[in-house]
Colleague: 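Questions regarding the structure given below will be posed in turn.
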Amino acid sequence: MVRNLRIYGNKVINKRTIHKLIGLLQKELNFKIDSLDISFVNSSEITQLNTKYLNHNYSTDIITFDYSKSDLSIEGEILLSINDAFENAKKFKSSFKEELIRLLIHGILHLLGYNDKTINQRRLMKTKENFLLRKHKILAEEN
(Lines give C-alpha, C1' and ligand atoms only; values in the text may rest on other atoms or scores of the structure.)
Protein backbone atom coordinates (compact mmCIF):
# COMPACT_ATOMS: atom_id res chain seq x y z
CA MET A 1 0.00 0.00 0.00
CA VAL A 2 1.40 3.39 -1.00
CA ARG A 3 1.27 5.82 1.91
CA ASN A 4 3.30 8.68 0.45
CA LEU A 5 3.34 10.07 -3.06
CA ARG A 6 6.52 11.79 -4.21
CA ILE A 7 5.19 14.31 -6.64
CA TYR A 8 7.22 17.45 -7.04
CA GLY A 9 10.96 17.14 -6.63
CA ASN A 10 11.37 16.15 -3.00
CA LYS A 11 7.84 17.19 -2.02
CA VAL A 12 5.72 14.40 -0.58
CA ILE A 13 1.99 14.04 -0.09
CA ASN A 14 1.09 11.83 2.84
CA LYS A 15 -2.14 10.01 2.01
CA ARG A 16 -2.84 9.34 5.68
CA THR A 17 -2.75 13.09 6.38
CA ILE A 18 -5.23 13.74 3.57
CA HIS A 19 -7.63 11.09 4.88
CA LYS A 20 -7.26 12.42 8.42
CA LEU A 21 -7.97 16.01 7.32
CA ILE A 22 -11.05 14.99 5.31
CA GLY A 23 -12.33 12.94 8.28
CA LEU A 24 -11.85 15.88 10.68
CA LEU A 25 -13.59 18.28 8.29
CA GLN A 26 -16.40 15.77 7.81
CA LYS A 27 -17.08 15.65 11.54
CA GLU A 28 -16.62 19.37 12.12
CA LEU A 29 -18.67 20.58 9.16
CA ASN A 30 -21.20 17.74 9.44
CA PHE A 31 -21.24 16.31 5.94
CA LYS A 32 -21.27 12.86 4.39
CA ILE A 33 -19.30 11.75 1.37
CA ASP A 34 -20.93 9.80 -1.43
CA SER A 35 -17.89 10.11 -3.66
CA LEU A 36 -14.78 12.27 -3.50
CA ASP A 37 -11.86 12.10 -5.91
CA ILE A 38 -8.74 14.13 -5.19
CA SER A 39 -6.22 14.36 -8.01
CA PHE A 40 -2.82 16.01 -8.04
CA VAL A 41 -1.87 17.40 -11.44
CA ASN A 42 0.76 19.70 -12.89
CA SER A 43 0.15 23.27 -14.05
CA SER A 44 -0.17 22.38 -17.74
CA GLU A 45 -2.81 19.74 -16.96
CA ILE A 46 -4.84 22.12 -14.78
CA THR A 47 -4.54 24.84 -17.46
CA GLN A 48 -6.03 22.44 -20.01
CA LEU A 49 -8.88 21.54 -17.63
CA ASN A 50 -9.45 25.18 -16.70
CA THR A 51 -9.66 26.11 -20.40
CA LYS A 52 -11.86 23.17 -21.36
CA TYR A 53 -14.40 23.33 -18.53
CA LEU A 54 -14.26 26.91 -17.22
CA ASN A 55 -13.07 28.87 -20.28
CA HIS A 56 -10.09 30.29 -18.35
CA ASN A 57 -6.86 29.90 -20.29
CA TYR A 58 -4.45 29.95 -17.35
CA SER A 59 -3.15 27.79 -14.54
CA THR A 60 -4.86 27.80 -11.16
CA ASP A 61 -4.15 26.11 -7.85
CA ILE A 62 -7.45 24.24 -7.56
CA ILE A 63 -10.52 23.29 -9.55
CA THR A 64 -13.52 21.71 -7.87
CA PHE A 65 -16.32 19.89 -9.67
CA ASP A 66 -19.49 19.40 -7.64
CA TYR A 67 -21.68 16.48 -8.72
CA SER A 68 -23.81 16.43 -5.56
CA LYS A 69 -27.48 15.70 -5.96
CA SER A 70 -28.44 16.89 -2.46
CA ASP A 71 -27.22 19.11 0.33
CA LEU A 72 -26.93 16.13 2.68
CA SER A 73 -23.78 14.65 1.20
CA ILE A 74 -21.01 15.63 -1.16
CA GLU A 75 -20.06 14.04 -4.41
CA GLY A 76 -17.30 15.66 -6.38
CA GLU A 77 -13.79 16.04 -7.61
CA ILE A 78 -10.94 18.21 -6.38
CA LEU A 79 -8.01 18.79 -8.72
CA LEU A 80 -4.91 20.40 -7.19
CA SER A 81 -2.04 21.84 -9.18
CA ILE A 82 1.16 20.80 -7.45
CA ASN A 83 3.17 23.47 -9.27
CA ASP A 84 0.77 26.22 -8.20
CA ALA A 85 0.65 24.90 -4.64
CA PHE A 86 4.44 25.00 -4.51
CA GLU A 87 4.50 28.58 -5.85
CA ASN A 88 1.75 29.64 -3.40
CA ALA A 89 3.74 28.21 -0.51
CA LYS A 90 6.77 30.30 -1.52
CA LYS A 91 4.65 33.40 -2.13
CA PHE A 92 2.81 33.20 1.20
CA LYS A 93 5.84 31.90 3.14
CA SER A 94 4.15 28.70 4.24
CA SER A 95 5.18 25.08 3.92
CA PHE A 96 4.17 23.00 0.93
CA LYS A 97 2.14 20.67 3.18
CA GLU A 98 0.34 23.61 4.80
CA GLU A 99 -0.57 24.93 1.35
CA LEU A 100 -1.95 21.53 0.33
CA ILE A 101 -4.07 21.49 3.49
CA ARG A 102 -5.35 24.99 2.71
CA LEU A 103 -6.26 23.96 -0.83
CA LEU A 104 -8.04 20.80 0.32
CA ILE A 105 -10.04 22.86 2.83
CA HIS A 106 -10.87 25.32 0.04
CA GLY A 107 -12.07 22.49 -2.20
CA ILE A 108 -14.25 20.96 0.52
CA LEU A 109 -15.80 24.36 1.21
CA HIS A 110 -16.67 24.68 -2.48
CA LEU A 111 -18.32 21.25 -2.37
CA LEU A 112 -20.32 22.42 0.66
CA GLY A 113 -21.69 25.38 -1.29
CA TYR A 114 -19.23 28.14 -0.42
CA ASN A 115 -18.36 30.37 -3.34
CA ASP A 116 -15.71 32.97 -4.08
CA LYS A 117 -17.10 34.82 -7.09
CA THR A 118 -18.01 38.08 -5.33
CA ILE A 119 -16.03 40.07 -2.76
CA ASN A 120 -18.48 39.20 0.04
CA GLN A 121 -18.52 35.50 -0.87
CA ARG A 122 -14.72 35.47 -1.08
CA ARG A 123 -14.43 37.20 2.31
CA LEU A 124 -16.80 34.70 3.97
CA MET A 125 -15.08 31.71 2.39
CA LYS A 126 -11.59 33.00 3.23
CA THR A 127 -12.60 33.57 6.87
CA LYS A 128 -13.87 29.98 7.15
CA GLU A 129 -10.83 28.64 5.29
CA ASN A 130 -8.39 30.52 7.56
CA PHE A 131 -10.22 29.34 10.69
CA LEU A 132 -10.07 25.71 9.56
CA LEU A 133 -6.43 26.02 8.47
CA ARG A 134 -5.38 27.41 11.87
CA LYS A 135 -7.28 24.60 13.57
CA HIS A 136 -5.77 21.82 11.46
CA LYS A 137 -2.35 23.31 10.67
CA ILE A 138 -0.74 20.74 12.97
CA LEU A 139 -1.39 18.12 10.28
CA ALA A 140 1.23 19.84 8.10
CA GLU A 141 3.84 18.91 10.68
CA GLU A 142 3.03 15.19 10.67
CA ASN A 143 5.07 12.74 8.62
Side-chain angles (χ1 to χ4, degrees), residues 1-89 91-92 94-118 120-143:
M1 178 169 161
V2 176
R3 292 221 165 102
N4 293 316
L5 304 171
R6 190 165 304 281
I7 45 141
Y8 190 78
N10 65 347
K11 302 302 179 195
V12 173
I13 296 174
N14 184 311
K15 289 171 64 175
R16 186 179 303 147
T17 300
I18 293 169
H19 285 271
K20 189 173 183 178
L21 174 65
I22 299 300
L24 290 168
L25 293 174
Q26 196 174 357
K27 289 177 187 168
E28 185 169 354
L29 300 173
N30 196 28
F31 65 89
K32 294 179 182 176
I33 298 174
D34 282 342
S35 173
L36 177 60
D37 291 325
I38 300 171
S39 299
F40 299 94
V41 299
N42 64 39
S43 58
S44 66
E45 290 171 301
I46 208 155
T47 299
Q48 290 173 0
L49 294 166
N50 206 14
T51 302
K52 182 177 181 177
Y53 295 105
L54 302 173
N55 295 317
H56 301 144
N57 190 17
Y58 52 83
S59 187
T60 186
D61 50 10
I62 185 169
I63 296 176
T64 307
F65 294 107
D66 186 357
Y67 310 127
S68 301
K69 295 173 183 80
S70 77
D71 292 337
L72 303 176
S73 61
I74 63 172
E75 185 175 351
E77 235 179 308
I78 297 174
L79 298 121
L80 295 169
S81 167
I82 296 305
N83 306 88
D84 290 278
F86 183 74
E87 291 303 317
N88 286 352
K91 179 179 176 182
F92 299 116
S94 67
S95 73
F96 178 72
K97 288 181 181 179
E98 184 179 326
E99 181 61 15
L100 288 179
I101 289 170
R102 185 189 70 76
L103 289 171
L104 287 168
I105 290 169
H106 187 86
I108 292 294
L109 290 175
H110 271 307
L111 292 173
L112 291 173
Y114 285 80
N115 214 325
D116 53 8
K117 292 187 190 307
T118 70
N120 286 338
Q121 290 173 335
R122 198 170 17 260
R123 191 175 295 133
L124 176 66
M125 187 171 186
K126 194 68 174 169
T127 298
K128 188 72 167 179
E129 181 182 307
N130 287 338
F131 170 78
L132 292 167
L133 179 59
R134 280 191 305 276
K135 189 169 186 177
H136 301 295
K137 191 176 181 175
I138 190 80
L139 292 175
E141 298 166 11
E142 292 182 356
N143 290 330

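Positions are given from 1 along the sequence.
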Colleague: Return the set of residues passing side-chain hydrogen bond (donor to acceptor under 3.5 Å, both in side chains) with Lys126 (not counting sequence neighbours), or none when no residue passes.
Modeller: Glu129
Colleague: Can you list every salt bridge (charged side-chain N to carboxylate O under 4.0 Å, His left out) pair that touches residues 55-67, not counting sequence neighbours?
Modeller: Asp61-Arg102
Colleague: Going by the rule ring-ring contact (aromatic ring centres under 6.0 Å, His included), which residues pair with Phe92 if we only count those two or more places apart in sequence or in a different chain?
Modeller: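 Result, ring-ring contact (aromatic ring centres under 6.0 Å, His included) vs Phe92: none returned.
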Colleague: Any chance you could measure Ile63, atom CD1, to Ser39, atom OG, to the nearest 0.5 Å?
Modeller: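 It comes to 11.0 Å.
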Colleague: Of all the heavy-atom pairs spanning Ala85 and Phe96, show the shortest one and how long it is.
Modeller: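 Closest approach of Ala85 to Phe96, heavy atoms only: CB-CE1, 4.1 Å.
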Colleague: Would you sort out whether Leu24 and Lys135 count as a side-chain contact (heavy atoms from CB on, under 4.5 Å), showing the intermediate values?
Modeller: CA-CA 10 Å; Leu24 290 168; Lys135 189 169 186 177; over 6 Å; no
Colleague: Run the salt bridge (Lys or Arg N to Asp or Glu O under 4.0 Å) test against Lys117 and tell me which residues pass, sequence neighbours left out.
Modeller: none
Colleague: Run the side-chain donor-acceptor check on residues 50-57: report pairs under 3.5 Å with partners two or more places apart or on a different chain.
Modeller:
unit_1: Asn50; atom_1: ND2; unit_2: Tyr58; atom_2: O; d: 2.9
unit_1: Thr51; atom_1: OG1; unit_2: Thr47; atom_2: O; d: 2.9
unit_1: Thr51; atom_1: OG1; unit_2: His56; atom_2: O; d: 3.3
unit_1: Thr51; atom_1: OG1; unit_2: Asn57; atom_2: OD1; d: 3.2
unit_1: His56; atom_1: NE2; unit_2: Leu54; atom_2: O; d: 3.4

Colleague: If the condition is salt bridge (Lys or Arg N to Asp or Glu O under 4.0 Å), which residues does Glu77 pass it with, not counting sequence neighbours?
Modeller: none
Colleague: CG of Leu21 to CD1 of Ile138: how many Å apart, nearest 0.5 Å?
Modeller: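 That separation rounds to 13.0 Å.
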Colleague: Can you list the residues that meet the side-chain hydrogen bond (donor to acceptor under 3.5 Å, both in side chains) rule with Ser44, with sequence neighbours excluded?
Modeller: Asn42
Colleague: If I take atom CG from residue Leu132 and atom CZ from residue Arg134, how far apart are they, to the nearest 0.5 angstrom?
Modeller: 9.0 Å
Colleague: Say you draw a straight line from CZ of Phe65 to CD of Glu75; how long is it, rounded to the nearest 0.5 Å?
Modeller: 14.0 Å
Colleague: The test is side-chain contact (heavy atoms from CB on, under 4.5 Å); show your working for Asp84 and Thr60 and say whether it passes.
Modeller: CA-CA 7 Å; Asp84 290 278; Thr60 186; 5.9 Å; no
Colleague: Would you list the pairs meeting salt bridge (charged side-chain N to carboxylate O under 4.0 Å, His left out) in which at least one residue belongs to residues 31-43, sequence neighbours left out?
Modeller: none
Colleague: Do Lys137 and Ile101 pass the side-chain contact (heavy atoms from CB on, under 4.5 Å) test, and can you show the C-alpha distance, the side-chain angles, and the key distance before you say yes or no?
Modeller: CA-CA 8 Å; Lys137 191 176 181 175; Ile101 289 170; over 6 Å; no
Colleague: Indicate the atoms forming the closest heavy-atom contact of Leu103 with Leu80, along with that distance.
Modeller: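 Result for this residue pair: CB-CD2, 3.3 Å.
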Colleague: Do you know which two heavy atoms are closest between Ser81 and Ser59, and how far apart they sit?
Modeller: OG-OG, 4.3 Å
Colleague: Describe, in one word, how the ring planes of His106 and His110 are oriented to each other, choosing from parallel (under 30°), tilted (30 to 60°) and perpendicular (over 60°).
Modeller: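 Geometry flag for His110 against His106: perpendicular rings.
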Colleague: Can you tell me how far the CD atom of Glu99 sits from the CG atom of Asn88, to the nearest 0.5 Å?
Modeller: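 Going from CD on Glu99 over to CG on Asn88, the span is 4.0 Å.
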Colleague: Quick one: ring-ring contact (aromatic ring centres under 6.0 Å, His included) partners of Tyr114, sequence neighbours excluded?
Modeller: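 None.
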Colleague: Run the side-chain hydrogen bond (donor to acceptor under 3.5 Å, both in side chains) test against Ser43 and tell me which residues pass, sequence neighbours left out.
Modeller: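 Applying side-chain hydrogen bond (donor to acceptor under 3.5 Å, both in side chains) to Ser43 gives none.
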Colleague: Of all the heavy-atom pairs spanning Ala140 and Lys97, show the shortest one and how long it is.
Modeller: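 Heavy atoms of Ala140 and Lys97 come nearest at O-CD, 3.4 Å.
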Colleague: If the condition is side chain to side chain contact (heavy atoms under 4.5 Å, CB included), which residues does Phe31 pass it with, not counting sequence neighbours?
Modeller: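 Partners of Phe31 under the side chain to side chain contact (heavy atoms under 4.5 Å, CB included) test: Leu25, Gln26, Leu29, Ile33, Ile74, Ile108, Leu112.
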Colleague: What pairs with Asn120 under side chain to side chain contact (heavy atoms under 4.5 Å, CB included), at least two apart in sequence or on another chain?
Modeller: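 Partners of Asn120 under the side chain to side chain contact (heavy atoms under 4.5 Å, CB included) test: Thr118, Arg123.
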Colleague: Could you go through Leu111 and Ile78, starting from their C-alpha distance and side-chain angles, then the distance that decides it, and tell me whether this counts as side-chain contact (heavy atoms from CB on, under 4.5 Å)?
Modeller: CA-CA 9 Å; Leu111 292 173; Ile78 297 174; 4.1 Å; yes
Colleague: Any side-chain heavy atom of Leu109 within less than 4.5 Å of one from Lys128?
Modeller: yes
